[in-house]
Amino acid sequence: MTRPLRVAIAGLGTVGGGVANVLLTRGAELAERAGRPLECIMVSARERTKKRAADVSSIAWADDVVSLAKSDADVVVELIGGEDGPARALVQSSLEAGKHVVTANKALLAYHGAQLAALAEERGVALRFEAAAAGGIPIVRALRESLIAYGIGAVRGILNGTCNFILTQMEASGRPFAEVLAEAQALGYAEADPTLDIGGGDTAHKLALLASLAFGIKPDLSNMTIQGIAHITPEDIAFAREFGCRIKLLGIARQTPHGIDQRVQPAMVKLGTPLADIEGAFNVVVADAGEAGPFFFEGRGAGEAPTASAVVADLVDIARGAVGPTFGRPARNLKSGNPAPANSRRSAFYLRFDVLDVPGVLAEIASRLAEGGVSIESMIQRGRAPGEPVAIVMVTHECSETGVAGALKVIVRSDKVLGDPCMIPMEAG
Ligand code: HSE
């Protein structure tokens, strides 16, 4: 058998521990598949003495995580996280030193992916990131290698398990967002600082990578609309049911005649479709692969085993000698931007207004929407409470997003309208 692939792991949290465990306990099978052994020669993490699931006592330890770039490893596995700091320093210096890199770091690649890919290609090494988007789901490989014959028209998905767990729990229990978020934190789904998850940033990082693979563009957060789920109420979720829908936080990257539309936002999707029916902390990705049709990928997008599984798959590929371009095309060919302008976006919309139940309020809302070219398809106003707040909920016909947004800006100034209206696009599942 040929020389072992020497692996160094930076970061021994849930995922790093999982990768170490797989390398230590499943070595024979991996060696058979890879054609050579995968040997973990060095590890590094913040605390050496921390109690861990993986027994790494037989593996050399480095106090300085960035020093792994100078080790004898052939490949450095970066599982530290964060778009800058030690993670970026380690990946940069490992590539410069001619080492392959495997990372689960979506933030790093969303910000610096194009530059790091160029560096990897210049040095003739691999920079692989299957674990960075949708955890264990092999969507990176699918977009990079498997679904390329007819081009990709769109990639849409639920890419954040924390948000999907929260929305699922809100629907099941009728409880408000803040209460369910606290439960998600107690269960360990949401981070102590859940901003990246619930604000849509984590989904955006992953979407930027998938869009790059799909459309040959540099990962690009600057042209992405990013909205989270904190404004979604149990009432919105209940009204969605009445329209035969669920509210899901979607990442959408779509080739349109006007350019590439990239956005992260809550959307209404019809029950009975793959995007609507995925529950709990699972992820799903729908890839429209031209004449080859849509493909659906569903599974665990986070956690020890799913994420370690994706990292190990990349390691085995590297052991076999796969050193293709990071984003599926040479980094120098990745294009910048080509974003679809906001005024080209069209969709039907769910709109909720909290209003005072007084004569004329509905007429006022309807005429402002009509002025913005927005036609109403259906409407619900439940209960009657003269002079008291009530919700008016509408679904529009397909119309321009900027038309609706402009009308809402006027409507919100009415003294009969309380708080900000809620505007959610309807999206095919
Ligand atoms: N926090 C993410 C999620 C997993 O909830 O899906 C890591 O990106």
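Indexing begins at 1, ligand by ligand and atom by atom, following the structure's order.
Taking CZ from Arg254 and CD1 from Ile260, the interatomic distance works out to 12.5 Å, rounded to the nearest 0.5 Å.
Between Glu235 and Arg352, no side-chain nitrogen of the basic residue sits less than 4.0 Å from a carboxylate oxygen of the acidic one, so the salt-bridge criterion is not met. Between Arg88 and Glu83 there is no salt bridge, since no side-chain nitrogen of the basic residue lies less than 4.0 Å from a carboxylate oxygen of the acidic one. Checked for salt-bridge contact, Arg329 and Glu121 miss the test: no charged N lies under 4.0 Å from a carboxylate O. Classification of Arg346 and Glu398 as a salt-bridged pair holds, one side-chain N sitting under 4.0 Å from a carboxylate O.
Below 4.0 Å from some heavy atom of Ala302 lie the following atoms of ligand 1, by number and element: 4 (C). Taking every heavy atom of Lys206 and a limit of under 4.0 angstrom, the matching atoms of ligand 1 come to 2 (C), 4 (C), 6 (O), 7 (C), 8 (O).
With Thr14 contributing its side chain and Gly303 its backbone, the two residues share no donor-acceptor pair below 3.5 Å.
The shortest N/O to N/O separation between Asp197 and ligand 1 falls below 3.5 Å.
For atom 8 (O) of ligand 1, the choice among Arg300, Lys106, His205 with the nearest heavy atom turns out to be Lys106.
Under 4.0 Å from ligand 1, the heavy atoms of Asp202 that appear belong solely to its side chain.
Closest protein heavy atom to atom 5 (O) of ligand 1: Thr162 OG1, 2.5 Å. Counting protein heavy atoms only, atom 6 (O) of ligand 1 is closest to Gly161 N, 2.7 Å.
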